[in-house]
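Presented below is the structure to which this report refers.
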Amino acid sequence: MKLKIGFIALLFGINASAQVCEDLFTKIDSSRTRPEITLLARQKNVPNVILQTQNGPIPVLQFNDRTAPALREILGKSLGTLVQLQPGWRNDHGMLRVFDKVIDVDTPGARGFGELHTTGLAWKTLDTWLPRRRGSENTVIEVGYLLSPMDQVTVRYYQTVRRAAIIRVPFTFGGGGAQIASPTRLNDGENCFSFARGSSLSGHIRQMESELRTRTGKSFQELKAVPEVAQFLAKARGEIAALSPDSVKLNDRVALEWQEARALIGKLGGDATLLNWLIGMDATTSYNELFRHLEISGESSFSDMNHRQASFVLVYDDIASKEQFEARDFKRSGIFSTWTHQNLAH
């Protein structure tokens, strides 16, 4: 289930009509896509139900390593906020799905696999992660969002910036903080839920705005009007969003050799730290704007399924049969919340 997107082609290689260009930026209308997802699930024989929410019915699909191949079409152009229900633990766990990867944060340097540069962020490919989950009693509930092509670039850009440690965020859980030295380390830490829900992004933006103003005397908006900055950020968005999660170029000095970077340093002075603050600010502001548009909250549950922009729900479960999953009495419990099918729409 390899899901790859040609981001450079998407950004710079499109020679298309005005309508196609408009479609790149047009936000997805979940009211139109929800029935299409239900139809896809039924055509592919994926167990599914429709639940009634505060903003209309939403499709809920059973998701595991056997149903995932049938859902490539929606996985490749969507993200999802996840909560892993953990009835045998003290807490549930928050994660994020970005296309064919599940990303979560924990103690830096202590991850079993999928981490780079001691960020605490582990990237797990669905192809390998779902089979490892087979038989797990820790059901995962995902609220999924279909994304426009340009919104897909925004997500890839931000998450790759984080994976490369261009900016660092401390991991905080239970009041503690796992600190890794870096000239672009942010003060506001994250736990698994605040990372997945983007609830610390506003604080990160405030700090980066302050850093840029201190270094240059200009706000980020003023800096973006400088031609050398605009050219550099266009280069950064295209190059970084296109990098594979396993690329050897993924590090905090990725931009230093670009011609646009040298022109920028010549204009403003500074060094790789200034470049990274600019990239971090650019990636974070666009990502934060997208999350606010999607109405993603900081809740540690799946209550965002009630919001207008939610496109579908995936229930990561391979224990239930099709008949059990589609029954009104289907139920999975966690520490913070419990999933049920009591609000069946039919």
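Numbers for residues simply follow the sequence, beginning at 1.
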Between D151, L147, D304, which is the residue that forms a side-chain contact (heavy atoms from CB on, under 4.5 Å) with L294?
L147

Is it the case that the side chain of R34 and the backbone of A310 share a donor-acceptor pair, with hydrogens and angles ignored and the cut-off at 3.5 Å?
yes

Are L39 and L75 linked, directly or through intermediate hydrophobic residues, by side-chain heavy-atom contacts shorter than 4.5 Å (ILVMFWY only)?
no

So does E295 pair up with R308, basic N to acidic O under 4.0 Å?
yes

Any chance you could measure N306, atom CG, to E299, atom CD, to the nearest 0.5 Å?
11.0 Å

Indicate the atoms forming the closest heavy-atom contact of I319 with G135, along with that distance.
CD1-O, 4.1 Å

Are K124 and E115 ion-paired here, with the side-chain N under 4.0 Å from a carboxylate O?
no

With a 3.5 Å distance limit and no angle check, can you tell me whether R111 reaches the backbone of G120 through a side-chain donor-acceptor pair?
yes

With sequence neighbours left out, the residues meeting side-chain contact (heavy atoms from CB on, under 4.5 Å) with R185 are R168, P170, Q179, S182

Could you check whether any side-chain heavy atom of L96 comes within less than 4.5 Å of a side-chain heavy atom of T81, counting everything from C-beta outward?
yes

Working note: T26 + S148, criterion side-chain contact (heavy atoms from CB on, under 4.5 Å); need CA distance, chi angles, decisive distance, verdict.
CA-CA 6 Å; T26 301; S148 72; 5.8 Å; no

Value rounded to 0.5 Å, distance of CD in Q159 from CD1 in I240:
13.0 Å

Any ring-ring contact (aromatic ring centres under 6.0 Å, His included) pairs touching residues 121-147, not counting sequence neighbours?
none

I need the full list of ring-ring contact (aromatic ring centres under 6.0 Å, His included) pairs touching residues 278-322, with sequence neighbours left out, sorted by first then second residue.
F63-Y316, Y158-Y287, Y287-F291, F302-W339

Please check this pair: side chain of Q207 against backbone of N187, looking for a donor-acceptor N/O pair closer than 3.5 Å.
yes

Could you tell me the separation between the CG atom of N48 and the CG atom of L314, rounded to the nearest 0.5 Å?
11.5 Å

Looking only at heavy atoms, what is the nearest atom pair of S219 and R213, with distance?
CB-NH2, 3.1 Å

Can you confirm whether R253 is buried at CZ, in the sense that more than 12 heavy atoms of other residues, nucleotides or ligands lie under 6.0 Å from that atom?
no

Please check if the side chain of Q86 supplies one atom and the backbone of N91 the other of a donor-acceptor pair under 3.5 Å.
yes

Can you list the residues that meet the salt bridge (Lys or Arg N to Asp or Glu O under 4.0 Å) rule with R133, with sequence neighbours excluded?
none

Would you check if T53 and N343 make a side-chain contact, meaning some heavy-atom pair closer than 4.5 Å?
no

What side-chain donor-acceptor pairs closer than 3.5 Å can you find for residues 268-282, not counting sequence neighbours?
| residue | atom | partner | partner atom | Å |
| --- | --- | --- | --- | --- |
| D271 | OD1 | T273 | N | 2.9 |
| N276 | ND2 | D252 | O | 2.8 |
| D282 | OD2 | Y157 | OH | 2.8 |

How long is the straight-line distance from CD1 of I141 back to CG of D92, given to the nearest 0.5 Å?
10.0 Å

Do D29 and S31 have a side chain donor and acceptor closer than 3.5 Å?
yes

Does either side chain, that of R237 or that of S286, offer a donor lying less than 3.5 Å from an acceptor on the other one?
yes

Distance-minimising heavy-atom pair for R162 and F195
NH1-CD1, 4.0 Å

Taking atom types as modelled and ignoring hydrogens, do the side chains of T285 and N288 form a donor-acceptor contact shorter than 3.5 angstrom?
no

Residue pairs passing the ring-ring contact (aromatic ring centres under 6.0 Å, His included) test with at least one member in residues 208-232, sequence neighbours excluded, are F232-W258

What I want to check is whether the side chains of H117 and N251 have a donor and an acceptor closer together than 3.5 Å.
no

With the side chain counted from C-beta on, respond yes when L40 and I74 share a heavy-atom pair under 4.5 Å apart, and no when they do not.
yes

Tell me, with the steps shown, if D100 and T125 meet side-chain contact (heavy atoms from CB on, under 4.5 Å).
CA-CA 6 Å; D100 69 333; T125 303; 4.2 Å; yes

Does the side chain of R332 pick up a donor-acceptor pair with the side chain of T340 at under 3.5 Å?
no

If you measure from the Lys or Arg side-chain nitrogens to the Asp or Glu carboxylate oxygens, is any gap between R163 and D246 under 4.0 Å?
yes

To the closest 0.5 Å, what do you measure between CG (L223) and CG (L233)?
9.0 Å

Is there a donor-acceptor pair closer than 3.5 Å between any side-chain N or O of R134 and the backbone N or O of D318?
no

To the nearest 0.5 Å, tell me how far E326 CD sits from S321 OG.
9.0 Å

Where L130 and D65 come nearest, the two heavy atoms and their spacing
CB-CB, 3.8 Å

Does L51 reach the side chain of L344, with side-chain heavy atoms less than 4.5 Å apart?
yes

Membership question, hydrophobic clusters at under 4.5 Å side-chain separation (ILVMFWY): are W89 and L85 in the same one?
no

Quick check on K249: does its NZ atom have over 12 non-hydrogen neighbours (other residues, nucleotides or ligands) under 6.0 Å away?
no

Below 4.5 Å, heavy atoms only, C-beta onward: do R156 and P245 meet side chain to side chain?
yes

Side chains of P59 and L61: closer than 4.5 Å at any heavy-atom pair?
yes

Test item: Q342 side-chain N/O and R328 main-chain N/O as donor-acceptor pair under 3.5 Å
yes

Is the closest side-chain heavy-atom distance between I37 and E73 below 4.5 Å?
no

Has T118 got a side-chain atom pairing as donor or acceptor with P108's backbone, closer than 3.5 angstrom?
no

In short, K267 meets V226 closest at the heavy-atom pair CE-CG1, 4.2 Å

Aromatic ring proximity, centroids under 6.0 angstrom, H93 and F193
no

Using only atom types and a distance under 3.5 Å, with no angle test, would you say the side chain of S247 pairs donor to acceptor with the backbone of S244?
no

Judged by atom type as modelled, is there a donor-acceptor pair below 3.5 Å linking the side chain of H341 to the main-chain atoms of V49?
no

Start with the C-alpha distance between T184 and I166, add both sets of side-chain angles, then the distance that settles side-chain contact (heavy atoms from CB on, under 4.5 Å), and finish with yes or no.
CA-CA 7 Å; T184 51; I166 290 172; 5.9 Å; no

Please confirm whether the backbone N or O of S194 pairs with a side-chain atom of S200, one donor and one acceptor, at under 3.5 Å?
no

The test is side-chain contact (heavy atoms from CB on, under 4.5 Å); show your working for L146 and K77 and say whether it passes.
CA-CA 6 Å; L146 290 175; K77 55 186 179 184; 4.0 Å; yes

Residue pair S301 / S337: nearest heavy atoms and the distance that separates them
CB-OG, 3.9 Å

Within-4.5 Å side-chain heavy-atom neighbours: S78 and R97
yes

